[in-house]
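What follows is a short report on a single structure.
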Amino acid sequence: MRDPDFTLAAGPVTAWPRVLAALGSPLVYHYDPAFLEAFRRTERKLAQIFQTENDVLLMQGEAVLGLEAAARSLVQPGTKALNLVQGIFGKGMGYWLKDFGAELHEIEVPYNDAVDPADVERYLDEHPGIELVTVVHCDTPSGTVCDVSAIGPIVRARGALTLIDCVSSLGGIALETDAWQLDVCVAGAQKCLGGPPGMSLMTVNEAAWDRIRENPSAPRASFLSMLDWKEQWIDGEKFPFTPSVSDLHGVEAACDVLLEEGLEASIEQHELAATACRAGVRAMGLELWPRSEEIAAACVTAIIVPDGLTDVQVRAHCRERYGVMISGGQGAGNLVRIGHMGPSARSLHPVVGLAAVGQTLVDLGAQVEIGAGVEAALTELSRATRAVA
């Protein structure tokens, strides 16, 4: 099977040309002075993107590794943890926490909804002693976003720590680590940054480090050990093991693309793509999966599949007939997602996604106003272009 003409899935996304070029850089000794400086330089660039003065930690594995490492490092048997669930990845974190020995508490809402910060505040007040709150900023399979800006201060005021899964949101949805009083954040480079899927991009503050040091269950001498990285590399000059040289170059190139554009401009571009895509979906006569615009994420547009069809049928037809790769809901529901992250949040990519999905649904027997959808999306994109001019 040939490669798709357009990858408009939920990640990994199409990487920037500069990222692909950087990934092809010569492999060098990881203690070469040039590589050591590149590693430190990339940490500084990511600190700007995370908007933090805390430590930046680059663990050598796709973001699920960073999430597991953080959860294992912060939890020991008996830890009272509140897990916020509004989608598949939030639910998965709860399974981990329980496996690691936590006393698990959860606030769960339907997967087309978002956890209300007021409910978090109420729960913490009614259950004193909660030590950790885990949150998925954007639960990508559902295309929903959680109000971390409100939850962070609520948790901090009650003496607990936050672990934020911002894998898909960093660089495309506003995330202000320090201003929002967040303790540990874990992101991926393969989403809104348009980078390679080989590193966990993390930031950790001193309160979190203190808890990890005091935790006898925190991994040591392990691929999952955050402490090894802190003690040997962040506070020293030695890597715990050989880092991925190629991925580091790719991540730095992705940071460069974003920072040259400007973080605020990147966030605005992702929001524009999402606004255009959502307008097109509605004009086509289709339904969005998130229950409201307020909780719809800017990195993907989740669309309810019409009755009588399945997401598998829609994705397969769209890929085979039109060369457009989109995503399903990964168990969140009978939905498909058009991704707009990094390169796919630019230009007419949202229109391409809408046209391919719309025509696919017509081919499969659904009633869809393709032209109205494309026109609505173009109107939103054109309006933004005129505003800039």
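- Scanning both residues, Ile88 and Asp139, for their nearest heavy atoms gives N-OD1, 3.4 Å.
- Counting only residues at least two apart or on different chains, the salt bridge (charged side-chain N to carboxylate O under 4.0 Å, His left out) pairs with a member in residues 264-276 are Glu271-Arg278.
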Step by step, would you call Val300 with Ser327 a side-chain contact (heavy atoms from CB on, under 4.5 Å)? CA-CA 10 Å; Val300 294; Ser327 294; over 6 Å; no
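- Counting side-chain heavy-atom gaps under 4.5 Å among Ile, Leu, Val, Met, Phe, Trp and Tyr, Val312 is found in no cluster with other residues.
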Would Leu163 and Asp183 count as a side-chain contact (heavy atoms from CB on, under 4.5 Å) here? Give the steps. CA-CA 6 Å; Leu163 167 54; Asp183 299 297; over 6 Å; no
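- Shown here for Ala187 and Cys166, the closest heavy-atom pair between the two residues is CB-O, 3.6 Å.
- With a 6.0 Å radius and a threshold of 12 heavy atoms from other residues, nucleotides or ligands, Glu375 has its CD atom at or below the threshold.
- Linking Ile, Leu, Val, Met, Phe, Trp and Tyr residues whenever their side-chain heavy atoms come within less than 4.5 Å places Tyr123 and Val135 in a single cluster.
- Ser225 contributes a side-chain N or O that, together with a main-chain N or O of Pro219, makes up a donor-acceptor pair within less than 3.5 Å.
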Stepwise side-chain contact (heavy atoms from CB on, under 4.5 Å) check, Arg158 with Ile130: CA-CA 8 Å; Arg158 286 153 182 80; Ile130 296 289; over 6 Å; no
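- Shown here is Glu176, whose CD atom has more than 12 heavy atoms of other residues, nucleotides or ligands within 6.0 Å.
- Listed by first and then second residue, the ring pair (Phe, Tyr, Trp, His ring centres under 6.0 Å) pairs involving residues 333-358 amount to none (not counting sequence neighbours).
- Residue Tyr95 places its OH atom among 12 or fewer non-hydrogen atoms of other residues, nucleotides or ligands, all under 6.0 Å distant.
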